[in-house]
Amino acid sequence: MPIDACFQKGTLPLSFEVFPPKGELALDQAERVVGELASLSPAFVSVTCSAGGSGNSANTVAVASLVQNRFDIPALAHLTCMGATAQDIAARLDALSDAGVGNVLALRGDPLPGAALADFRFAKDLIPVVAREGFCVGAAAYPEGHIDCLDFGASLEHLRQKQDAGARFLVTQLCFDNDQALAFLEAARNAAITVPISFGIMPFLSKDQISRMVFTCGASLPSAVIKLLARWEHDPDSLRAAGIEYACRQLAGLAEAGVDGLHVYTMNRPEIARAAAEALACYR
Ligand code: FAD
């Protein structure tokens with residue numbers, strides 16, 4: 001099923017992100033995680049790929065195939081083009097097609113040290129290539145702007161270019177502040193970005209994890225989050241519980257505001273997906 005079809009008025013699609021195992025295929029472990037997520041009836045499950053797309057791209061296909069074929073849940077395979085040639089991309093699309101995966105999140109990927117740009121500069125250059133092959137294509141959106149782009153207006157213009165290139169839905173980078181997420185939604189609509197936007201939410205689980213995230217994607221930390229981090233600094237279990245509870249409150253708040261969809265970065269932890277599904281039970 002093309003994933004854009006799940007964003008219909010009056011429904012609140014909840015979806016999950018998983019990452020494939022690195023190195024040796026640990027598919028039995030991935031199968032257990034995906035099985036637990038599938039039991040929560042998500043609208044789709046997205047499967048990340050490593051920067052550069054080389055390292056674990058076979059695992060992305062394998063896990064996306066599991067999602068789609070073994071559990072009958074629409075799979076959204078991430079595909080990055082940084083450093084890839086047109087032939088590389090054609091081969092990856094063939095592999096997805098052969099596996100029966102028809103939905104792709106088309107991404108540039110983060111710059112790799114020493115990597116040349118190869119055939120694609122931006123995600124907007126990849127999107128039409130993927131769409132031409134018959135895939136339903138989604139793209140990434142950044143509620144606080146992309147980390148490399150200091151001008152929020154330019155960030156919105158780049159997002160609109162992805163829609164114009166053929167992206168049929170958007171999934172956002174994590175954001176810890178609902179006011180910021182909703183202000184972005186309004187700005188995007190004012191900038192003629194009309195495709196459905198699913199908001200990505202990631203619970204904080206530790207101070208290290210959150211500082212890595214903040215410095216890789218430029219998300220800001222509201223004082224409520226900083227206070228929770230300070231309060232539970234020396235109690236990892238309570239910090240994790242507070243992070244999941246905060247994420248669930250965010251999800252409920254965005255559902256209440258009537259967003260198109262919600263996407264949970266599960267970090268392969270079914271308990272996060274379960275908590276999210278419970279928090280949203282009365283909205284789905
Ligand atoms: P683009 O849209 O190409 O943007 C990249 C930069 O170029 C931005 O700063 C943008 O403002 C700028 N830009 C775009 N168009 C123009 C233009 N016309 N002129 C000038 N500047 C322009 N990474 C992975 O490696 N694997 C994953 O699986 C993965 N999954 C992700 C899932 C989601 C939902 C999100 C939000 C991000 C994900 N990422 C992943 C991270 C993503 O690859 C990085 O954020 C990357 O740096 C940008 O990718 P993009 O597709 O948004 O790029």
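The structure displayed is predicted, hence computed values, not measured ones.
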Query raised in the report: For D164, which residues count as a side-chain hydrogen bond (donor to acceptor under 3.5 Å, both in side chains) partner, sequence neighbours excluded?
Result: R160
Report task. Answer yes or no: is there a donor N or O on one side and an acceptor on the other, between the side chain of T266 and the main chain of V18, under 3.5 Å? Result -> no
Report task. May I ask you to test the L228-I226 pair for a side-chain heavy-atom distance under 4.5 Å? Result -> no
Report summary line: Correct closest heavy-atom pair for G218 and I147 would be N-CD1, 3.5 Å
Query raised in the report: Are M213 and L251 joined in one hydrophobic group, where the rule is that I, L, V, M, F, W and Y side chains link up if heavy atoms are under 4.5 Å apart?
Result: yes
**Report entry** Pairs flagged by salt bridge (charged side-chain N to carboxylate O under 4.0 Å, His left out) wherever residues 242-264 is involved - sequence neighbours left out
**Finding:** R189-D260, E245-R249
Query raised in the report: Which is it for N190 and L156 under the side chain to side chain contact (heavy atoms under 4.5 Å, CB included) test, yes or no, and what are the steps along the way?
Result: CA-CA 10 Å; N190 288 338; L156 280 178; over 6 Å; no
Query raised in the report: Passes side chain to side chain donor-acceptor pair (under 3.5 Å), S46 versus H78? Steps please.
Result: CA-CA 7 Å; S46 84; H78 296 204; 3.0 Å; yes
Requested in this report: Check whether any side-chain heavy atom of I73 sits under 4.5 Å from a side-chain heavy atom of P42, and report yes or no.
Outcome: yes
**Report entry** CA sep, side-chain torsions, deciding dist, call: N69, L66, side chain to side chain contact (heavy atoms under 4.5 Å, CB included)
**Finding:** CA-CA 5 Å; N69 302 310; L66 250 182; over 6 Å; no
Query raised in the report: Rounded to the nearest 0.5 Å, how far apart are CE of M267 and CZ of F19?
Result: 8.5 Å
Query raised in the report: Partners of A43 by side-chain contact (heavy atoms from CB on, under 4.5 Å), sequence neighbours excluded?
Result: C6, P13
Requested in this report: Go through the structure and list residues passing ring pair (Phe, Tyr, Trp, His ring centres under 6.0 Å) with Y265, not counting sequence neighbours.
Outcome: H263
Requested in this report: Find out whether L40 and F16 are in side-chain contact, i.e. whether some heavy atom of one side chain is under 4.5 Å from a heavy atom of the other.
Outcome: yes
Query raised in the report: Considering only heavy atoms from C-beta outward, does the side chain of V129 approach that of F120 to under 4.5 Å?
Result: yes
Query raised in the report: In terms of hydrophobic clustering (I, L, V, M, F, W, Y; side-chain heavy atoms under 4.5 Å; direct or indirect links), are V61 and L126 co-clustered?
Result: yes
**Report entry** Spacing of CZ belonging to R269 relative to CZ belonging to R274, to within rounding of 0.5 Å
**Finding:** 12.5 Å
Requested in this report: Report the residues that fulfil side-chain contact (heavy atoms from CB on, under 4.5 Å) with C248, sequence neighbours left out, ordered by chain and then residue number.
Outcome: I244, A275, A279
Report task. Kindly say whether A192 contributes a backbone atom to a donor-acceptor pair with the side chain of Q163 at under 3.5 angstrom? Result -> yes
Query raised in the report: When I201 is tested against each of L254, T172, I272, L174 for side chain to side chain contact (heavy atoms under 4.5 Å, CB included), which residue passes?
Result: L254
**Report entry** Straight-line distance of Q29 CD to N268 CG, nearest 0.5 Å
**Finding:** 7.5 Å
Query raised in the report: What distance separates T60 OG1 from L79 CG, expressed to the nearest 0.5 Å?
Result: 9.0 Å
Query raised in the report: Do any pairs count as a salt bridge (charged side-chain N to carboxylate O under 4.0 Å, His left out) and have a residue in residues 165-182, sequence neighbours left out, and if so which ones?
Result: D4-R168
Report task. Go through the steps to decide whether V225 and I210 satisfy the test side chain to side chain contact (heavy atoms under 4.5 Å, CB included), and finish with yes or no. Result -> CA-CA 10 Å; V225 173; I210 208 167; 3.8 Å; yes
Report summary line: Hits for side-chain hydrogen bond (donor to acceptor under 3.5 Å, both in side chains) against R212, two or more places apart or cross-chain, chain-then-number order -> none
Report task. Is it possible for you to say whether L96 and V137 belong to one hydrophobic cluster, with membership spreading through side-chain heavy-atom contacts below 4.5 Å? Result -> yes
Report task. Could you go through the side chain to side chain contact (heavy atoms under 4.5 Å, CB included) check for L229 and L239 one step at a time? Result -> CA-CA 7 Å; L229 290 169; L239 180 58; 3.8 Å; yes
Query raised in the report: Does a side-chain heavy-atom distance below 4.5 Å link Q173 with C217?
Result: yes
Query raised in the report: What closest approach, in Å, do F176 and P222 show between heavy atoms, and which atom pair accounts for it?
Result: O-CG, 3.4 Å
Query - CG on N178 to CG on L185, rounded to 0.5 Å - result: 11.5 Å
Query raised in the report: For A91, which residues count as a side-chain contact (heavy atoms from CB on, under 4.5 Å) partner, sequence neighbours excluded?
Result: none
Report summary line: Here the gap from M1 atom CE to Q68 atom CD, rounded to the nearest 0.5 Å, amounts to 9.5 Å
Report task. Just jot down the ring pair (Phe, Tyr, Trp, His ring centres under 6.0 Å) partners of H158, sequence neighbours excluded, or say none. Result -> none
Requested in this report: Give a yes or no on whether V264 and F204 share a hydrophobic cluster (residues Ile, Leu, Val, Met, Phe, Trp, Tyr; joining criterion: side-chain heavy atoms under 4.5 Å apart).
Outcome: yes
Query raised in the report: For P21 and V63, which heavy atoms make the closest approach, and how far apart are they?
Result: CD-CG2, 3.8 Å
Query raised in the report: Between Y142 (side chain) and F152 (backbone), is there a donor-acceptor pair under 3.5 Å?
Result: no
Query raised in the report: Which atom names give the shortest non-hydrogen contact between F169 and C136, and what distance separates them?
Result: CE2-SG, 3.9 Å
Query - Atom CZ of R121: over 12 foreign heavy atoms under 6.0 Å - result: no
Query raised in the report: Does I89 reach the side chain of C81, with side-chain heavy atoms less than 4.5 Å apart?
Result: yes
Report task. Following the transitive rule for hydrophobic clusters with a side-chain heavy-atom cut-off under 4.5 Å over Ile, Leu, Val, Met, Phe, Trp and Tyr, establish whether I193 and I3 coincide in one cluster. Result -> no
Report task. For residues Y246 and A224, report the shortest heavy-atom separation together with the two atoms involved. Result -> CE1-CB, 4.2 Å
**Report entry** Distance-only polar pair, side chains of T85 and D88, donor-acceptor under 3.5 Å
**Finding:** yes
Report summary line: Residues at least two apart in sequence or cross-chain that pass side-chain hydrogen bond (donor to acceptor under 3.5 Å, both in side chains) with D119, listed by chain then number, are none
Query - side-chain contact (heavy atoms from CB on, under 4.5 Å) involving S39 - partner list, sequence neighbours excluded - result: none
**Report entry** Heavy-atom closest contact (A252 atom, Y283 atom, distance)
**Finding:** O-OH, 3.9 Å
Query raised in the report: Could you give all pairs that pass the salt bridge (charged side-chain N to carboxylate O under 4.0 Å, His left out) test and reach residues 122-150, with sequence neighbours left out?
Result: R108-D148
Query - Any L159 side-chain heavy atom under 4.5 Å of L170 side chain - result: yes
Query raised in the report: Would you say Q250's side chain and C175's backbone share a donor-acceptor pair under 3.5 angstrom?
Result: yes
Requested in this report: Answer yes or no: is there a side-chain heavy-atom contact under 4.5 Å between V45 and E17?
Outcome: no
